[in-house]
Protein chains: 2
Amino acid sequence: MPRQVDYESRRRRIAEAVCLLADEHGPEGVSMRDVAARAQVSLGAVQRCFRNKEEMLLFAVDHVGERITERVRTRLASSPDRSAATALGHAADEIALLREEQRAEARIWLAFVARAAVSEVLGGPLRTSYAALQDLFVRLVTEATGSDSADEGAAPPDPRREARALLALADGLTTHVLVGHLTGEEAEEVLHAHLADLWERIRTARPREAG
Amino acid sequence: MPRQVDYESRRRRIAEAVCLLADEHGPEGVSMRDVAARAQVSLGAVQRCFRNKEEMLLFAVDHVGERITERVRTRLASSPDRSAATALGHAADEIALLREEQRAEARIWLAFVARAAVSEVLGGPLRTSYAALQDLFVRLVTEATGSDSADEGAAPPDPRREARALLALADGLTTHVLVGHLTGEEAEEVLHAHLADLWERIRTARPREAG
DNA sequence: CCGGAAGCGATACGATCGTATCGGAACAAG
DNA sequence: CTTGTTCCGATACGATCGTATCGCTTCCGG
């Protein structure tokens, strides 16, 4: 058997190049030639890694999705405060890619989302990522609400619904920042207000929790 | 002076063709030739209407934006119930393009948003549309809160912030339906729950309102 | 040591893109 | 009718796209 190369690492390197280009020139500005140039490999190398362009994009969107969810998990794990409240706040902050240094990732994500709305195959990994994030949020909200909550006060918020709302709000805010309708600070204010309200509803649903 | 044609109506017809194609094949699948064929005009006719492709897309996004805001206004005007509460609910329903028959418009919108995140010139009309919708929502929330609200009970919600949150939530939900993370019904449930909560907060902020 | 499979980069190919150009049809003015 | 201007649709053009192909190099197995 002749020369062996590490395809996986190369695939990742190419995926990074895809992200860089999607950030700079949008979803339409990602050509295989440019990707190859960015990854500092030949066009043939890209072709050998992926059967066609769609497979390349598929791998790239998976790559981004894992990167984001991984970043959220890291942020949660590194937080000294173990309360679900601050954890959820941090998670939401990581999801809503509002900070300047996350702007690139946000553009990449939007590029893939727009494409996935048409390409069914590209939607798969995207849905997987969304499902993972939703599950994480459901867990955090449930934890914050408290599993032992008896039926006191108002009905506690439905964790799944709250998770979905939070996820959608974060995504919408990200989009609005990208198109320039909101600034990052304005979006953050909206997000934090929503979270504050969520706490309030959780708190009033469990009055005994105060102690 | 020789033959005179109605350029404006033709531009609109072309814009409709752009929307149809953006819906079917995504943002990248909109070529001037396909647009011309869809609009049943020659390629030259399209070129005479718009100096280049970007101008065409610019006109189309303006067209869509006006159509959506117009639809919201119509819905509000036609509602027999003049209360701000139901009005805001209807408006949110029209904004969040969750119903099946609005799916096409949603895809078009997402296509333009994704492109606008890169193309600065395309972002202009998009921001205009968002600003118009936000103003509308601010007005409705303010009306619902009541301008005469004294400082009773909890602080009433900030209308602008609530408008932004509602707009972002609606957009995010639309996106999540398009990528298949949520069904239209699930998204609607989340949206309505958010609205219900908004009413609750408005109500508790003005306890005298009950009468 | 050598035959051949696997990887390499360059190039070719056909399609399609946005845009430019052009000869003729259509029509108001003289 | 002739003339001049405007609109028409077809075609041309160059660029770029995704993909296929093809010698050449590399290097393990026998």
Side-chain angles (χ1 to χ4, degrees), chain A residues 1-15 17-61 111-112 114-116 118-122, chain B residues 1-15 17-61 111-112 114-116 118-122:
Chain A
M1 195 179 297
R3 188 120 83 105
Q4 280 293 25
V5 297
D6 184 2
Y7 275 103
E8 208 51 40
S9 74
R10 178 140 72 193
R11 267 195 268 262
R12 275 196 296 271
R13 178 216 280 258
I14 291 176
V18 170
C19 292
L20 287 176
L21 288 174
D23 170 37
E24 293 168 11
H25 310 110
E28 326 204 20
V30 179
S31 74
M32 306 210 66
R33 280 172 181 82
D34 292 349
V35 168
R38 267 289 197 177
Q40 303 208 58
V41 298
S42 70
L43 176 57
V46 178
Q47 291 186 269
R48 248 175 320 258
C49 276
F50 306 102
R51 224 172 323 189
N52 49 36
K53 185 178 183 177
E54 186 153 57
E55 268 198 15
M56 180 185 75
L57 295 178
L58 201 64
F59 183 89
V61 67
F112 281 128
R115 208 186 167 96
V118 175
S119 160
E120 179 52 38
V121 50
L122 213 52
Chain B
M1 194 180 298
R3 189 120 82 106
Q4 280 293 23
V5 296
D6 183 3
Y7 275 102
E8 207 51 40
S9 75
R10 179 143 70 193
R11 265 196 268 264
R12 275 195 298 270
R13 178 216 280 260
I14 291 174
V18 170
C19 292
L20 286 176
L21 288 174
D23 170 38
E24 293 169 11
H25 309 110
E28 328 203 18
V30 179
S31 74
M32 307 210 64
R33 281 172 179 81
D34 291 349
V35 168
R38 265 291 196 178
Q40 303 208 60
V41 298
S42 71
L43 175 57
V46 178
Q47 290 186 267
R48 242 162 287 120
C49 277
F50 306 102
R51 221 168 326 178
N52 50 35
K53 186 179 182 177
E54 187 153 56
E55 268 199 15
M56 181 185 75
L57 295 179
L58 201 64
F59 183 89
V61 67
F112 281 128
R115 209 187 165 95
V118 175
S119 160
E120 179 53 37
V121 51
L122 213 51

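Every chain is numbered from 1 and lettered A, B, ... according to where its sequence line falls, protein lines coming before strand lines.
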Nucleotide D:dG9, atom C1' - distance to CD1 of B:I14 in whole Å: 14 Å
Nearest listed nucleotide, side chain of B:M32, among C:dG7, D:dC7, C:dG18: C:dG18
Could you state the CG-P distance from B:L43 to C:dC22, rounded to the nearest angstrom? 17 Å
Side chain of A:N52 (C-beta onward), nearest among C:dC17, C:dC8, D:dT19: D:dT19
For a quick check of understanding: with a heavy-atom distance under 4.0 Å over all strands, which category does A:V30 fall into, base, sugar-phosphate or nothing? sugar-phosphate
The nucleotide from C:dG18, D:dG9, D:dT19 with an atom nearest the side chain of B:S42 is D:dG9
Would A:R10 and A:Y7 count as a side chain to side chain contact (heavy atoms under 4.5 Å, CB included) here? Give the steps. CA-CA 5 Å; A:R10 178 140 72 193; A:Y7 275 103; 4.1 Å; yes
Starting the side chain at C-beta, find the nucleotide from D:dG9, D:dT19, C:dG7 nearest to B:A45. D:dG9
Between the base of D:dG18 and the side chain of A:R51, is there any donor-acceptor pair under 3.5 Å? no
How many Å lie between CG on A:D34 and C1' on D:dG18, as a whole number? 13 Å
Nearest-Å distance, NZ (A:K53) to P (D:dC17)? 8 Å
Would you give the length of the straight line joining atom CZ of B:R115 to atom CD of A:E28, rounded to the nearest 0.5 angstrom? 4.0 Å
When the nearest nucleotide of DNA chain D is assigned to A:G29 and to A:Q47 on a heavy-atom basis, which residue is associated with the more 5' position? A:G29
Ignoring hydrogens and angles, tell me if any N or O in the side chain of A:R38 forms a donor-acceptor pair with the backbone of A:V18 under 3.5 Å. no
For atom CD of B:Q40 and atom P of D:dC8, their distance in whole Å: 15 Å
Any side-chain N or O of A:R48 under 4.0 Å from OP1/OP2 of C:dC8? yes
Ignoring backbone atoms, test whether A:S31 places a side-chain nitrogen or oxygen under 4.0 Å from the OP1 or OP2 oxygen of D:dC17. yes
Measure CZ/A:F50 against P/D:dT19 and give the value in whole Å, please. 13 Å
Once you round it to whole Å, what is the distance between P of D:dT16 and CD of B:E28? 17 Å
From CZ of A:R33 across to C1' of C:dA12 the rounded distance in Å is 10 Å
Identify the two heavy atoms, one from B:A60 and one from B:A15, that lie closest to each other, and give their separation to 0.1 Å. CA-CB, 4.1 Å
Might you point out which heavy atoms bring A:L57 and A:F112 nearest each other, and give the distance in Å? O-CE2, 3.8 Å
